[in-house]
There are 2 protein chains.
Amino acid sequence: MTLSDDETATWSALATVLERLPAALDAQLQRDAGLTHFEYGLLYALDTAPGRTLKLKTLAGYASCTLSRLSRAVTRLEKDCLVTRVADADDGRTTLGVLTAAGHDRVQAAAPGHEELVRRIVFDALSPRQAHDLGRLSRLIAEAAGPDRVWAPTQG
Amino acid sequence: MTLSDDETATWSALATVLERLPAALDAQLQRDAGLTHFEYGLLYALDTAPGRTLKLKTLAGYASCTLSRLSRAVTRLEKDCLVTRVADADDGRTTLGVLTAAGHDRVQAAAPGHEELVRRIVFDALSPRQAHDLGRLSRLIAEAAGPDRVWAPTQG
């Protein structure tokens with residue numbers, strides 16, 4: 001069941017994207033906003049949530065990461081006063097992440113530069129039809145690589 | 001120049017792939033072969049090169065990483081006796097990476113499990129036509145995110 005030559009060529013191209021794109025996104029965000037792309041994604045998810053608040057479990061789902069990786073990232077963001085943890089008033093065992101005013105300002109300031117880079121790398125390189133196809137293919141692969149799969153328990 | 005709603009949806013799907021796919025690949029390879037996906041890629045590139053040997057600079061290009069990140073990875077692989085560094089006989093300033101017999105055995109043993117996971121996540125989820133399209137779109141994006149771009153100097 002090894003990959004055919006055509007499949008190997010396709011996979012090689014996708015694997016190159018998996019190396020280059022996160023490296024470029026991290027470099028731009030680190031340089032201009034002091035954030036990793038992962039941290040930016042967490043702030044962005046909170047910024048667009050009602051009351052700028054999400055259960056940490058829900059946020060981990062959005063970020064496709066384990067609760068322990070999320071917890072380490074939130075601890076870093078708390079040190080910069082961008083996020084705070086609070087107990088859920090409806091359920092004391094549930095912890096909420098709340099974006100602070102400083103966190104809102106940080107993600108709003110970072111968004112234009114980040115989106116400009118995404119535009120340059122992804123959307124300037126593709127026709128609108130190709131971009132539409134990319135979205136469809138990405139959803140199929142994201143689903144197949146979902147966190148409910150057998151290898152998920154060993155994710156870091 | 002912010003992203004449109006359609007572009008945001010496409011980007012969100014691709015960003016999910018960028019989180020989930022490397023996590024799944026790393027988890028499988030770490031569990032079954034004691035390698036990260038990045039390390040596997042280095043061993044695979046050496047294994048398919050003439051004489052199982054590449055200039056480290058060339059290998060860094062294949063892996064889309066800086067020479068310093070490559071050097072740290074090669075140091076780890078040397079400790080496991082999977083790769084050795086030797087001076088290029090034709091140019092003493094150039095360092096070559098050479099796959100050892102143990103490195104060859106490790107990558108050969110790891111390949112079936114890795115390729116099976118790639119098949120399950122990518123090729124089982126797509127039609128042959130979709131897989132072909134994915135390769136074409138990935139090459140366009142990989143090119144646009146190439147290491148010769150302005151943000152490359154700050155890559156880790």
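By convention in this document, chain letters (A, B, ...) are assigned in the order of the sequence lines, proteins followed by strands, and residues within each chain are numbered from 1.
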Legend entry - B:Tyr40 atom OH: more than 12 heavy-atom contacts under 6.0 Å: yes
Inset, instruction - Look at the side-chain heavy atoms of Ile, Leu, Val, Met, Phe, Trp and Tyr, link any pair under 4.5 Å apart, and say whether B:Val118 and B:Leu29 land in one connected group. - result: no
Legend entry - Residues A:Glu19 and B:Arg69 bridged, charged N to O under 4.0 Å: yes
Inset, instruction - Please determine, among A:Ser12, A:Ala13, A:Gly41, the option with the most heavy-atom pairs under 4.5 Å with chain B. - result: A:Ala13
Legend entry - A:Leu140, part contacting chain B, at a heavy-atom distance under 4.5 Å: both
Inset, instruction - Look at atom CG of B:Asp5 and say whether more than 12 heavy atoms of other residues, nucleotides or ligands are closer to it than 6.0 Å. - result: no
Inset, instruction - Output the residues of residues 130-137 of chain A for which the shortest heavy-atom distance to chain B is under 4.5 Å, in residue-number order; output 'none' if no such residue exists. - result: A:Gln130, A:Ala131, A:Asp133, A:Leu134, A:Gly135, A:Arg136, A:Leu137
Inset, instruction - Report yes or no: do A:Leu54 and A:Leu67 belong to one cluster of Ile/Leu/Val/Met/Phe/Trp/Tyr joined by side chain heavy-atom distances under 4.5 Å? - result: yes
Inset, instruction - May I ask you to name which of B:Val122, B:Thr8, B:Val17 has the most heavy-atom pairs under 4.5 Å with chain A? - result: B:Val17
Inset, instruction - Examine A:Leu35 and A:Tyr62 and state if one hydrophobic cluster contains both, with Ile, Leu, Val, Met, Phe, Trp and Tyr joined whenever side-chain heavy atoms are less than 4.5 Å apart. - result: yes
Inset, instruction - For chain B, find its close neighbours in residues 73-87 of chain A: heavy-atom separation under 4.5 Å, sorted by number, or none. - result: none
Legend entry - Point-to-point distance, once rounded to the nearest 0.5 Å, from CG of A:Leu14 to CG of B:Leu21: 6.0 Å
Inset, instruction - Indicate the atoms forming the closest heavy-atom contact of B:Ala9 with A:Arg139, along with that distance. - result: O-NH1, 3.9 Å
Inset, instruction - Could you tell me which non-hydrogen atom of A:Ala142 sits nearest to which non-hydrogen atom of B:Thr16, and how far apart they are? - result: CB-CG2, 3.8 Å
Inset, instruction - Answer yes if B:Leu99 and B:Phe38 sit in the same cluster of Ile, Leu, Val, Met, Phe, Trp and Tyr residues linked by side chain heavy atoms under 4.5 Å apart, and no otherwise. - result: yes
Legend entry - Atom group of A:Ala111 that falls short of 4.5 Å from chain B, counting heavy atoms: neither
Inset, instruction - Enter the distance from B:Trp11:CH2 to A:Arg119:CZ here, rounded to the nearest 0.5 Å. - result: 12.5 Å
Legend entry - Reported CG-to-CD distance for the pair A:Leu3 and B:Glu115, which is rounded to 0.5 angstrom: 4.0 Å
Inset, instruction - Heavy atoms only: give me the nearest A:Glu7-B:Phe123 pair and the separation to one decimal. - result: O-CZ, 3.3 Å
Inset, instruction - Please check if the side chain of A:Arg20 supplies one atom and the backbone of B:Ser64 the other of a donor-acceptor pair under 3.5 Å. - result: no
Inset, instruction - Following the transitive rule for hydrophobic clusters with a side-chain heavy-atom cut-off under 4.5 Å over Ile, Leu, Val, Met, Phe, Trp and Tyr, establish whether B:Leu70 and A:Leu18 coincide in one cluster. - result: no
